[in-house]
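A quick note: this is a predicted structure, and the numbers were derived from the prediction, not measured.
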Amino acid sequence: MEQTEKLVKAIIEGIQEKKGRGITVADLSKIDGAICSRFVICEGNSPAQIEAIADAVGESARINAGEKPVNVVGLRQAQWVAMDYTDVIVHIFLPETREFYNLENLWMDAPLVNVPDLD
């Protein structure tokens, strides 16, 4: 579990480095059938910012937690990028796409931690 927390911290640092907003961490570890133990959800204002956030998350996770994603999807359209680190999945959305899919309510049984924006 310590490695998971280290990875989540590195992911948050990568998001904040590129001014990602609305960071929410959902703890799925106590939910039966959950596909991972944590979701890290955030948003960027444009497809270019979403790509930059994804790059920064990948670099921060590699350098600070020694982790690489096993899969990254959504970079082509950059409206919703999902980065799969097996135990942690990162979701980077455009605001309207995040509102539409509303992952926070989909996993409403999971405890949520909202990370304050840096600005």
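- Heavy atoms only, all atoms of each residue included: L28 and A34 are closest at O-CB, 3.6 Å.
- Atom CD of E96 has more than 12 heavy atoms from other residues, nucleotides or ligands within 6.0 Å.
- F100 pairs by the ring-ring contact (aromatic ring centres under 6.0 Å, His included) definition with nothing, not counting sequence neighbours.
- To the nearest 0.5 Å, atoms CH2 (W80) and CD1 (I41) are separated by 9.5 Å.
- A perpendicular orientation is assigned to the rings of F39 and H91, their planes being inclined by more than 60° (bins at 30° and 60°).
- Under a hydrophobic-cluster definition in which Ile, Leu, Val, Met, Phe, Trp and Tyr are linked whenever side-chain heavy atoms come within less than 4.5 Å, directly or via other members, V8 and L103 are assigned to different clusters.
- Applying the side chain to side chain donor-acceptor pair (under 3.5 Å) rule to S60 yields the partners N64; only residues at least two apart in sequence or on another chain are considered.
- Considering CD of E17 and CD of E13, their distance stands at 9.0 Å, rounded to 0.5 Å.
- The heavy-atom pair separating A56 from K18 by the smallest distance is CB-CG, 3.6 Å.
- Listed here is the closest heavy atom pair of G44 and I53: CA-CD1, 4.0 Å.
- Looking at K9 and E5, no side-chain N of the basic residue comes within less than 4.0 Å of a carboxylate O on the acidic one, giving no salt bridge.
- Separation of atoms CD (Q77) and CD (E51) is listed at 10.5 Å; rounding is to 0.5 Å.
- Here the straight-line distance linking atom CG of L94 with atom OG1 of T97 works out to 4.5 Å at 0.5 Å rounding.
- Side-chain contact between I35 and I89 is present, with at least one heavy-atom pair separated by less than 4.5 Å.
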Exercise for the section: Under the side chain to side chain contact (heavy atoms under 4.5 Å, CB included) rule, what do I11 and V88 come out as? Steps first, then yes or no, please. Expected result: CA-CA 9 Å; I11 288 166; V88 178; 3.7 Å; yes

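- Here the shortest heavy-atom pairing between I92 and V90 reads CG1-CG1, 3.9 Å.
- Remark: the backbone N or O of G74 is not paired with any side-chain donor or acceptor of Q79 at under 3.5 angstrom.
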Exercise for the section: Tell me, with the steps shown, if W107 and L112 meet side chain to side chain contact (heavy atoms under 4.5 Å, CB included). Expected result: CA-CA 9 Å; W107 293 94; L112 301 177; over 6 Å; no

Practice task
Go through V40 and I15 one step at a time and tell me if the side chain to side chain contact (heavy atoms under 4.5 Å, CB included) criterion holds.
Solution key: CA-CA 10 Å; V40 179; I15 294 167; 3.8 Å; yes

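- Smallest separation of non-hydrogen atoms from G22 and D117: N-OD1, 2.9 Å.
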Exercise for the section: Apply side chain to side chain contact (heavy atoms under 4.5 Å, CB included) to the pair V81 and V73, showing each step before the final yes or no. Expected result: CA-CA 6 Å; V81 172; V73 294; over 6 Å; no

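- With respect to the salt-bridge test (charged N to carboxylate O, under 4.0 angstrom), the residues E43 and R21 do not qualify.
- With a 4.5 Å cut-off on side-chain heavy atoms, I23 and I12 count as touching.
- Side-chain contact, E67 with Q3: a donor N or O sits under 3.5 Å from an acceptor N or O.
- V25 and L118 fall into different hydrophobic clusters, where Ile, Leu, Val, Met, Phe, Trp and Tyr residues are linked whenever their side-chain heavy atoms come under 4.5 Å apart, directly or through other members.
- A salt bridge is absent between D87 and R38: the closest approach of a Lys/Arg side-chain nitrogen to an acidic carboxylate oxygen does not fall below 4.0 angstrom.
- When atom types are taken as modelled, the side chain of E99 and the backbone of P95 share no donor-acceptor pair closer than 3.5 angstrom.
- Between P69 and Y85 the shortest heavy-atom distance is N-CE2, 3.3 Å.
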